[in-house]
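One structure is given below, encoded as structure tokens.
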Amino acid sequence: MRITCPLCGARDHREFTYKGAALPVPALDSGVAEWDAHVHLRENPAGPHEELWQHAMGCGAWLKVRRNTVSHEILAVELAQDAGLVIKEDRS
Amino acid sequence: MAETEMQLAAKSPCAGLLPLTIGDVTLTEDTPAAMTLIAPYKGQEKPLSDALNAAHGMGFPAPNRATGNAEARAIWFGRAQALLVGPVADPKLAAHAALTDLSDGWAVVRLEGAHAEEVMARLVPIDLRPQVFKRGHTARTELQHMMASITRIGPKALQIMVFRSFADTLVHDLKRAMEAVAARG
């Protein structure tokens with residue numbers, strides 16, 4: 001399995017660390033049920049899955065990867081910073 | 001009571017381990033005067049690159065590239081960071097980037113010889129042949145189980161950096177690979 005890091009190019013999967021499902025973070029004032037679902041409830045698809053990987057032995061970037069869990073085919077990779085997963089901090 | 005006189009002497013990361021020549025490949029240690037990690041603040045990449053150019057004569061390197069020369073080199077060191085190797089970083093850079101002194105933190109070695117890439121091919125999962133990994137190219141990758149920075153610094157020469165605490169392991173692994181390549185003739 002090889003993952004094409006947007007910064008480093010195609011690299012062997014030994015350089016990467018799996019960091020879990022790539023989920024949008026709920027708003028900070030969401031209720032208990034929504035946070036419970038975010039923390040504990042996961043889809044377990046046989047097919048394409050959005051997940052986070054870190055290029056830990058390379059450039060250190062966190063990546064959002066779309067991977068087929070059946071074939072391990074990597075369908076899409078982008079920097080996690082561009083993936084819109086983080087809640088906007090309210091600094092007002 | 002007798003007075004004890006203490007003397008502290010600086011010791012390089014690979015002291016007592018290098019230099020080493022096996023076959024036509026040599027491994028030597030480089031001890032740059034200073035190494036500084038430069039992490040640009042958000043939106044400050046352009047002014048930082050200009051300030052770096054004014055102070056040290058090289059721009060901020062693009063991913064997988066190194067700028068400058070043997071005396072003063074800026075090596076891309078991962079996402080949104082570069083390592084200035086050689087001169088002490090100009091304090092003016094601190095207006096645009098976080099500066100961290102790593103001078104004593106990394107072991108720096110130079111692997112040189114006609115078969116240097118064949119030695120590295122036994123240790124890293126990327127292609128370092130000169131037609132692919134050219135002058136000015138650099139990479140963050142894995143060397144055995146160590147996170148390494150590898151930079152081409154000559155037609156037959158590579159600079160390899162790992163954490164200082166891995167210096168012994170780095171030399172051990174390189175030595176074994178050099179012996180294996182030399183044994184094949």
Look at atom [atom1] of [X] and say whether more than 12 heavy atoms of other residues, nucleotides or ligands are closer to it than 6.0 Å.
| X | atom1 | value |
| --- | --- | --- |
| A:D82 | CG | yes |
| B:R164 | CZ | yes |
| B:K156 | NZ | no |
| B:D168 | CG | no |
| B:Q7 | CD | no |

For this session: Would you sort out whether B:F77 and A:C59 count as a side-chain contact (heavy atoms from CB on, under 4.5 Å), showing the intermediate values?
Result: CA-CA 7 Å; B:F77 219 54; A:C59 65; over 6 Å; no
Give the minimum heavy-atom separation between [X] and [Y], together with the two atoms involved.
| X | Y | result |
| --- | --- | --- |
| B:P125 | A:D12 | CB-CB, 4.2 Å |
| B:R140 | A:E15 | O-OE1, 4.3 Å |
| B:N64 | A:L7 | ND2-O, 2.6 Å |

Exercise. Where does A:R14 contact chain B at under 4.5 Å (heavy atoms): side chain, backbone, both or neither?
Worked result: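 Answer is both: backbone and side chain atoms of A:R14 are under 4.5 Å from chain B.
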For this session: Using a cut-off of under 4.5 Å on heavy-atom pairs, state which of A:G60, A:A10, A:C5, A:A61 scores highest against chain B.
Result: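 It is A:A61.
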For this session: Measure the shortest side-chain to side-chain distance between A:Q81 and B:R79 over non-hydrogen atoms and say whether it is less than 4.5 angstrom.
Result: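 Result yes, sub-4.5 Å side-chain heavy-atom pair found.
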Problem set entry | Close side-chain approach of A:R11 to B:T141, heavy-atom, < 4.5 Å |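 They are in side-chain contact.
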Exercise. Should B:V108 and B:M58 be counted in the same cluster of Ile, Leu, Val, Met, Phe, Trp and Tyr side chains packed under 4.5 Å apart?
Worked result: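 No, B:V108 does not connect to B:M58 through the hydrophobic network.
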